[in-house]
Amino acid sequence: MGASEKLAGVKGMNDLLPDQSPLWEWVEARVAKVFRQYGYRAIRTPILEPTALFVRGIGEVTDIVEKEMYTFTDALNGEQLTLRPENTAAVVRSAIEHNLLYDGPKRLWYVGPMFRHERPQRGRYRQFHQFGIEALGLPGPDIDAEQLLMIARLWQVLGLQGENAPRLEINSLGEKEERLAHRQALINHFEAHAAVLDADAQRRLHTNPLRILDSKNPAMRDVVASAPLLSDFLGQQSRAHFDAVCAVLDAHGVAYTVNPRLVRGLDYYNLTVFEWVTDKLGAQGTVCGGGRYDTLVEQMGGKPAPACGFAIGVERLVELLKEVAPPDVPSGLDVYLVHWGEGSQAVALQVAEQCRSAGLAVQMHCGEGSLKSQMKKADQSGAAYAILLGDDERAQGKASVKPLRAQTAATQELVPIGDLPIFLKEKCNA
Ligand code: HAM
């Protein structure tokens, strides 16, 4: 490639451009607020982790670990590193490393980029973002249920109501012994139909037969549909846990479907698993997925601690909002300051700083520009008001204030320059 040739970003990894960032910030602020309302505190872990963390955490025979991880050897010291494909394993690592559970359970949340080498399409990217929740150290069904209520509240807060809200699918994966008994029954079933299994299924038959249930191969639809259900292998305790979660959902009017085929793509889950799905986004309709993972902390070398969590795909959530309920997101700018004529610039700079000191967001026009072209920029900026500071007004110690947004249909007013911060502050808070 020539030195001056245009460079493009990595396929499947997107730039978030300024015209989209107000919507992302709007969503982020609301999600963070709801998480905090339920007592969750933020945790930030590195984007790079040792590869072994994800292999052990997510499971060797999963799509993520088998084919989707960005793994490389650090050329400087030979370490095997992986760009995080998800954050549950990393949060657990961090909690163990810093002994976070020493004084009791912890409710943690995060937001950030994840990386999976999947085939890019709408709603599926190689770098994507997740809002995530991990509650560590809490065994009861009450926390599973509370997380589901929190997610339902989140859809509401974001304006996703009725048929625009993702719908909840829920299942129980039981405990290990129950899954082992089911696993044996599955192996027996698939062995009895070995002729219709594709190469992937053949390979997974003895390593991870549960994953065969995820198969999208139409030739295997019947054999998958007739496979034994895990729910028939659940013991009394697992059933009671699941029933308790469902009872809370019923009591709070959260609609859900029990999907006995819901297995999730990561190996750490037990008991409650769930997904929130929309049919408004095409093939990639799972907006949120999660569940309980009671053995992961111990498996990663910590003292045994039950846990439950979920992650929401930010891109999918934002796309859903744009599709069905685009919010009216303010630009965040209160004032655009237009100025012209000898000496106006110095006054304009002072006015802008005084307005900022009063707490307003002010963009001052920089450089040359006719009044007309500056007013065009003011309109495009999304600001609620323009200050017009020209020679004539300035000679009287005044500037004009012009409302820019349709809903503020008031007319232009002349305001003493010294009063501008208070005048605009009142207008903008009104
Ligand atoms: P996950 O189901 O693999 O779970 O991902 C959660 C969400 O991330 C998905 O429902 C989807 O919205 C989004 N997502 C996943 N892959 C992509 C992609 N390639 N492009 C765009 N969005 C994507 C987890 O990651 C678990 N760590 C969730 C969890 C937390 N379980 C317990 N605690």
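Here the structure is a predicted model, which is why all the values come from computation and not from measurement. Note that ligands are numbered from 1 as they come in the structure, with each ligand's atoms numbered from 1 the same way.
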key: Salt bridge R356-E353, side-chain N to carboxylate O under 4.0 Å   = yes
request  = Sort out the contact shell of ligand 1: every protein residue with a heavy-atom distance below 4.0 Å, listed by chain and number.
outcome  = E86, T88, R116, E118, G123, R124, Y125, F128, Q130, I133, E134, R264, L266, Y268, Y269, T286, V287, C288, G289, G290, Y293, G309, F310, A311, G313, R316
remark   = The side-chain contact (heavy atoms from CB on, under 4.5 Å) partner of V92 among L53, L296, T45, N87 is L296
task = State plainly whether the residues D243 and R239 are in salt-bridge range, i.e. N to O under 4.0 Å.
result = no
query = With the threshold set at 4.0 Å, does a side-chain nitrogen-carboxylate oxygen contact exist between E86 and R264?
reply = no
query = Does D267 pair with R211 as a salt bridge, N-O distance under 4.0 Å?
reply = yes
query = Could E134 and R107 be called an ion pair, given the rule that one side-chain N must be under 4.0 Å from one carboxylate O?
reply = no
